[in-house]
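Taking it in order: structure first as structure tokens, then the write-up.
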Amino acid sequence: QVQLVESGGGLVRAGDSLKLSCTASGFTFRNYAMGWFRQAPGKEREFVASKSRSAGGTSYADSVKGRFTVLRDSAKMTIYLQMNSLQPEDTAVYFCAAQATPAQFIGTDSTKIPYWGRGTQVTVAS
């Protein structure tokens, strides 16, 4: 079955960096769009970033553009989220997501994403 396992979260100070990893198993990686979402306390889950399935494109939420970088290693069935210049408003549980789709990027509507990891907590102290 599809499994997504995240790692790399933690407690950091504003301005610091973190790198999240998500390793996938149980499906043909190249057929799935992969991405990152996050959910802060009391808020809805929101799209953060997606790396295209085959081309070199990326897609980011406006709030993280220029600070976050999403990477995809098909040989390792892993995606990464390099987060720089972290701010307190980035505090959230970060989820890895997968979606079988002919599109290059994962959809941004979290209610339509079928596969999720358990999430990893990122806390940014001011």
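- Residues Ser17 and Met83 have side chains not in contact (no heavy-atom distance under 4.5 Å, counting atoms from C-beta outward).
- The residues Asp62 and Lys65 are annotated as salt-bridged, a charged nitrogen and a carboxylate oxygen being separated by less than 4.0 angstrom.
- Looking at heavy atoms from C-beta onward, Ser59 lies in side-chain contact with Phe47 at the 4.5 angstrom threshold.
- The shortest non-hydrogen separation linking Ser126 to Ala14 is CA-CB, 4.4 Å.
- Closest approach of Ile113 to Ala97, counting heavy atoms only: CG2-CB, 3.6 Å.
- Within the 4.5 Å cutoff, the side chain of Tyr60 has heavy atoms near those of the Val70 side chain.
- The side-chain hydrogen bond (donor to acceptor under 3.5 Å, both in side chains) pairs that include a residue from residues 106-119 are Asp109-Thr111, where partners are two or more places apart or lie in different chains.
- At least one side-chain heavy atom of Leu81 sits under 4.5 Å from a side-chain heavy atom of Phe68.
- Counting heavy atoms from C-beta on, the side chains of Cys96 and Trp36 come closer than 4.5 Å.
- For the atom pair CD (Gln3) and CE (Met77), the distance works out to 10.5 Å, reported to the nearest 0.5 Å.
- A heavy-atom distance below 4.5 Å is found between the side chains of Leu71 and Thr69.
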### Task
Given side-chain contact (heavy atoms from CB on, under 4.5 Å), test Glu46 with Gln39 step by step and report yes or no.
CA-CA 6 Å; Glu46 63 176 2; Gln39 188 165 17; over 6 Å; no
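- The hydrophobic cluster containing Leu18 also contains Val64, counting ILVMFWY residues as joined when their side-chain heavy atoms lie under 4.5 angstrom apart, directly or transitively.
- Identified under the disulfide bond (SG atoms under 2.5 Å apart) test for residues 29-84, with sequence neighbours left out: none.
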### Task
Apply side-chain contact (heavy atoms from CB on, under 4.5 Å) to the pair Phe29 and Ile79, showing each step before the final yes or no.
CA-CA 11 Å; Phe29 195 67; Ile79 64 168; 4.0 Å; yes
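- Remark: the backbone N or O of Arg53 is paired with a side-chain donor or acceptor of Gln104 at under 3.5 angstrom.
- Checking Val122, Asp16, Thr123 one by one against Leu11, the side-chain contact (heavy atoms from CB on, under 4.5 Å) holds for a single residue, Thr123.
- With hydrogens and angles disregarded, a donor-acceptor distance shorter than 3.5 Å links the side chain of Glu6 to the backbone of Gly119.
- By the 4.5 Å heavy-atom criterion applied to side chains, Leu4 and Met34 are counted as neighbours.
- Under the 6.0 Å distance and 45° angle rule, Arg38 does not count as a cation-pi partner of Phe95.
- Residue pairs meeting the side-chain hydrogen bond (donor to acceptor under 3.5 Å, both in side chains) criterion with at least one member in residues 21-30, sequence neighbours excluded, are Thr23-Thr78.
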### Query
Please walk me through it: do Asp90 and Arg67 pass side-chain contact (heavy atoms from CB on, under 4.5 Å)?
CA-CA 11 Å; Asp90 295 316; Arg67 300 188 298 123; 2.7 Å; yes
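- No cation-pi contact links Lys51 to Phe105, judged by a cut-off of 6.0 Å to the six-membered ring centre and 45° from its axis.
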